[in-house]
Amino acid sequence: MKTLAIINPRSGGGKTGRDAESIATRLAEVTGPLSVALTSGPMDAARLTSHALREGYERVVAVGGDGTINEVVNGFFANGQPINPEAEFALLNLGTGGDFRKTFDIDAGFDASLERIAEGRIRRIDVGRLSFVTEDGKTGNRHFANIASFGMSGHVVDRVNRATLTKRLMGQFAYTWVSLTSLFSYKAKPVRLKIDNVFDEVVSLSTCAVCNGQFFGGGMRVAPDASPDDGLLDVVIMSDAPKGSVLKSLNDIKTGNHVKNPSVKVFRGKTVIATPVEATAGAPVFIEADGEAPGRLPAMFDVLPKALKFRA
């Protein structure tokens, strides 16, 4: 298979970059002849993937964290359609997060990911797609392999990604710390949510997660029943709740038991439309997609069923 490894040298606090040569050597032992490209900036992995697929590469391996995975998956698509539907996606998850891999029971660390590339089966998985408002007020488009969400979660990711040094030094703890502080500072926003023809209401929400996978935010099992190949998105709506109640439920979110809470609603659908109401004017509702911060509401989310061949 003609294979390209796209390595994010900044992932894992820079360790991935320092170990890039040995990573490529060990990966080539599994894949055979291997080309390697290192990213140098935002969305570079998407551009490299897109170019490689058009040049005839049959497999692209994302080497990095959830953000690298997101960018590589975006590179598999152009104008909402796969560039090569038979091309294969694989991963070496070496970043500080690792939420995407958890849905597929891939253990942390280089060896576990390498074993899946060597022995894993091909699984056609769904891919989420969203349109949103960019920072400069234009319409943006993005795909997500795992979870896109908005509200406090988007606020947290925006803060963490802006604090580059903090993220590099503290890794997953940065998400936990910013999440805890945001519990006391974030004010719920009224948003009109429409999910297919099963739900259409204005909700004062803390966070709404539109899920292809199960985990986000550094190991929180926000959508315990989500399946990445069922052609549907699990929509988890967490309404505004007293701060004390939210603190008590943090452990429940890690295990998935939070879905039993009366302030949490779960739906399944193919299309989600989220529109902030007038009361949110001047206070944007930020979106995160696989740990990246692309923009803000209003937004539309939908699903591309079995659009990606993933070696899992």
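Between atom CD1 of residue Ile122 and atom CG of residue Leu308 there is a gap of 9.5 Å, rounded to the nearest 0.5 Å. Atom CD of residue Glu71 and atom OG1 of residue Thr49 lie 8.5 Å apart, to the nearest 0.5 angstrom. For the atom pair CD of Glu29 and CG of Leu114, the computed distance is 8.0 Å after rounding to the nearest 0.5 Å. Here the straight-line distance linking atom CG of Leu91 with atom CZ of Phe100 works out to 6.5 Å at 0.5 Å rounding. To the nearest 0.5 Å, atom CG of residue Asp196 and atom CG of residue Asp302 are 10.0 Å apart. In this structure, CE on Met1 lies 10.5 Å from OG1 on Thr31, to the nearest 0.5 angstrom.
Annotation for Lys189 and Ala283: closest pair CE-CB, 3.7 Å, computed over non-hydrogen atoms. Between Ala307 and Pro82, the shortest heavy-atom contact is O-CG, 4.0 Å. Listed here is the closest heavy atom pair of Arg296 and Pro284: CD-CB, 3.7 Å. Across all non-hydrogen atoms, the minimal contact from Ser153 to Glu288 is O-CG, 4.1 Å. The shortest non-hydrogen separation linking Thr16 to Ser11 is OG1-OG, 2.7 Å. Phe132 and Gly295 get closest at one heavy-atom pair: CD1-CA, 3.9 Å.
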Could you walk me through whether Val36 and Leu27 pass side-chain contact (heavy atoms from CB on, under 4.5 Å), step by step? CA-CA 10 Å; Val36 176; Leu27 182 57; over 6 Å; no
Determine, stepwise, if the pair Glu88 / Arg121 fulfils salt bridge (charged side-chain N to carboxylate O under 4.0 Å, His left out). CA-CA 11 Å; Glu88 182 180 311; Arg121 65 185 178 90; over 6 Å; no
For Gln81 and Leu304, run side-chain contact (heavy atoms from CB on, under 4.5 Å): C-alpha distance rounded to whole Å, both residues' side-chain angles, the deciding distance at 0.1 Å, then the answer. CA-CA 9 Å; Gln81 298 298 321; Leu304 302 174; 5.5 Å; no
Set out, in order, the CA-CA distance, both residues' side-chain angles and the distance that settles ring pair (Phe, Tyr, Trp, His ring centres under 6.0 Å) for Phe144 and Phe216, then state yes or no. CA-CA 12 Å; Phe144 59 98; Phe216 83 155; over 10 Å; no
Worked check of side-chain contact (heavy atoms from CB on, under 4.5 Å) between Val191 and Cys208: CA-CA 10 Å; Val191 174; Cys208 179; over 6 Å; no
Please evaluate residues Val30 and Glu119 with respect to the criterion side-chain contact (heavy atoms from CB on, under 4.5 Å), reporting the C-alpha separation (whole Å), side-chain torsions for both, the decisive distance (0.1 Å), and the verdict. CA-CA 9 Å; Val30 168; Glu119 302 176 6; over 6 Å; no
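Using a 4.5 Å heavy-atom threshold, the side chains of Pro298 and Val133 count as touching. Side-chain contact between Lys265 and Val203 is absent, with no heavy atoms from C-beta onward closer than 4.5 Å. Residues Lys306 and Asp126 have side chains in contact (heavy-atom distance under 4.5 Å, counting atoms from C-beta outward). Side-chain atoms of Ile23 and Val63, non-hydrogen and from C-beta on, do get closer than 4.5 Å to each other. Taking the side chain as every heavy atom from C-beta outward, Asn93 and Ile106 never approach each other to under 4.5 Å. Using a 4.5 Å heavy-atom threshold, the side chains of Met238 and Met152 count as separate. When side chains are defined from C-beta on, Arg142 counts as touching Met43, because their heavy atoms get closer than 4.5 Å. Here the side chains of Ile6 and Asn8 are not in contact, with every heavy-atom distance at 4.5 Å or above.
Side-chain atoms of Gln214 come within 3.5 Å of backbone N or O of Ala226 as a donor-acceptor pair. Under the 3.5 Å distance criterion, the side-chain polar atoms of Asp99 are matched with a main-chain donor or acceptor of Gly218. Without hydrogens or angle criteria, Asn84 side chain to Gly56 main chain gives no donor-acceptor distance under 3.5 Å. Between the Asp290 side chain and the Gly67 main chain, no donor and acceptor come within less than 3.5 Å of each other. A donor-acceptor pair under 3.5 Å is absent between the side-chain atoms of Ser263 and the main chain of Asn261, judged by distance alone. Remark: side-chain polar atoms of Asn212 are not paired, donor with acceptor, to backbone N or O of Ile147 under 3.5 angstrom. The backbone N or O of Val303 lies less than 3.5 Å from no partner atom in the side chain of Lys270, so there is not a single donor-acceptor pair.
Leu205 and Val198 fall within the same hydrophobic cluster, where Ile, Leu, Val, Met, Phe, Trp and Tyr residues are linked whenever their side-chain heavy atoms come under 4.5 Å apart, directly or through other members. The same ILVMFWY cluster, assembled from side-chain heavy atoms under 4.5 Å apart, contains both Val60 and Ile83. Hydrophobic clustering of Ile, Leu, Val, Met, Phe, Trp and Tyr side chains at less than 4.5 Å, counting indirect connections, keeps Ile273 apart from Val235. Put simply, Leu92 and Leu34 are part of the same group of oily side chains (I, L, V, M, F, W, Y) that touch within less than 4.5 Å, one to the next. Clustering ILVMFWY residues whenever any of their side-chain heavy atoms sit less than 4.5 angstrom apart, transitively, puts Ile7 in a cluster other than the one holding Leu4.
Looking only at atom types and distance, the side chain of Asn141 has no donor-acceptor partner in the side chain of Thr139 under 3.5 Å away. Using modelled atom types and a 3.5 Å distance limit, the side chains of Arg54 and Ser50 yield a donor-acceptor pair.
Within a 6.0 Å sphere centred on NZ of Lys2, heavy atoms belonging to other residues, nucleotides or ligands number more than 12.
Arg116 has no carboxylate O lying under 4.0 Å from a charged side-chain N of Asp105, or vice versa, which leaves the two without a salt bridge. A salt bridge is absent between Glu115 and Arg311; no separation between the charged side-chain nitrogens and carboxylate oxygens falls under 4.0 Å. The pair Arg101-Asp66 fails the salt-bridge criterion, with no side-chain N (NZ, NE, NH1 or NH2) lying under 4.0 Å from an Asp/Glu carboxylate O.
Sorted by first and then second residue, the salt bridge (charged side-chain N to carboxylate O under 4.0 Å, His left out) pairs with a member in residues 32-53 read Asp44-Arg47; sequence neighbours excluded. Evaluation of the ring-ring contact (aromatic ring centres under 6.0 Å, His included) test over residues 47-91, restricted to residues two or more places apart or in two chains, returns Phe77-His143, Phe89-Phe310.
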